[in-house]
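All values below were derived from every heavy atom in this structure, side-chain atoms included, with hydrogens, water molecules and symmetry-related copies excluded.
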Amino acid sequence: MAPRPDEAGKASAWSSWAALFASSGTLICCALPALLVAMGAGAALSTLVSAVPGLVWVSEYKEAAFATAGLMLAFSSVLQWRNRSAPCPLDPALRQACLRTRKTSTRVYGVSVLIYLVGGWMAFIQPWLGTF
């Protein structure tokens, strides 16, 4: 049995927010420390690490963090694609809310992908290049 349109829209919206959360983790583990060090704010980084000791753990397992975020983005992508032309309610107010939620979900997904790419660049490509 296929999900109802409103259930598909909620799943798509929730998956977009989950993907944003996961991709933000990749930014925190890799891009933020690299940016702080590049700006000469090593003391700020050490203060951040002492305040949030879990940051070191996430940085040590960055491959797993990126794999998890990538899977969540892929899952969200599938839901976004499936929901792209799902019917909205006939009531004008509900229809506008449905279309607005769909557009917001797409934007959140796009921001998630951008964050994921920036984090991936800082974690894997930039260190390989050796310059910042």
Side-chain angles (χ1 to χ4, degrees):
M1 183 161 104
R4 294 187 336 214
D6 58 338
E7 290 175 356
K10 287 179 185 176
S12 178
W14 281 107
S15 70
S16 293
W17 287 107
L20 179 63
F21 177 73
S23 62
S24 296
T26 64
L27 231 149
I28 290 170
C29 91
C30 308
L32 181 63
L35 179 67
L36 288 174
V37 169
M39 290 177 18
L45 179 61
S46 66
T47 302
L48 179 65
V49 168
S50 66
V52 185
L55 183 64
V56 174
W57 182 85
V58 174
S59 296
E60 287 177 8
Y61 297 103
K62 66 182 174 186
E63 292 85 5
F66 273 90
T68 301
L71 287 173
M72 291 182 89
L73 283 169
F75 178 68
S76 182
S77 166
V78 168
L79 289 177
Q80 290 284 335
W81 183 257
R82 262 186 38 200
N83 195 40
R84 74 188 183 286
S85 59
C88 285
L90 293 177
D91 180 32
L94 293 176
R95 178 175 174 74
Q96 283 304 104
C98 173
L99 294 173
R100 190 172 46 249
T101 301
R102 190 176 293 167
K103 186 181 286 187
T104 300
S105 181
T106 302
R107 287 180 181 157
V108 168
Y109 176 74
V111 168
S112 300
V113 170
L114 181 65
I115 289 172
Y116 184 78
L117 293 174
V118 168
W121 175 270
M122 296 301 279
F124 300 109
I125 297 172
Q126 194 66 41
W128 182 70
L129 295 174
T131 59
F132 189 66

Between side-chain atoms of residues 37-47 and protein atoms elsewhere (two or more places apart, or another chain), which donor-acceptor pairs fall under 3.5 Å?
residue	atom	partner	partner atom	Å
S46	OG	A43	O	2.8
T47	OG1	A43	O	2.9

Throw together a table of side-chain donor-acceptor distances under 3.5 angstrom for residues 92-100, partners on residues two or more places apart or in other chains.
none

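Residues forming a side chain to side chain contact (heavy atoms under 4.5 Å, CB included) with L90 (at least two apart in sequence, or on another chain): none. For W57, the side chain to side chain donor-acceptor pair (under 3.5 Å) criterion is met by no residue, not counting sequence neighbours. Judged as a side chain to side chain contact (heavy atoms under 4.5 Å, CB included), and not counting sequence neighbours, the contacts of S24 are L20, I115. Shown here are the side chain to side chain contact (heavy atoms under 4.5 Å, CB included) partners of F21, two or more places apart in sequence or in another chain: there are none.
Taking a 4.5 Å side-chain heavy-atom cut-off between Ile, Leu, Val, Met, Phe, Trp and Tyr, the cluster of L71 contains only that residue. When hydrophobic side chains of Ile, Leu, Val, Met, Phe, Trp and Tyr are connected at separations under 4.5 Å, Y109 ends up clustered with F66, L73, V113, Y116, L117, F124.
Proximity of a side-chain donor or acceptor of S76 to a complementary backbone N or O of M72 within less than 3.5 Å is not detected. A donor-acceptor pair is defined here as one N or O able to donate and one able to accept, closer than 3.5 Å; such a pair exists between the side chain of S59 and the backbone of C29.
Both L129 and M122 are assigned to one and the same hydrophobic cluster, defined by single-linkage of ILVMFWY side chains at heavy-atom distances under 4.5 Å. Following chains of ILVMFWY side-chain contacts shorter than 4.5 Å, one cannot reach V56 starting from V58, and the two form parts of different hydrophobic clusters.
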Working for side-chain contact (heavy atoms from CB on, under 4.5 Å), residues L32 and L48: CA-CA 10 Å; L32 181 63; L48 179 65; 3.6 Å; yes

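Minimum heavy-atom separation, R84 to R102: O-NH1, 3.5 Å.
Between atom CG of residue L79 and atom OG of residue S105 there is a gap of 9.0 Å, rounded to the nearest 0.5 Å.
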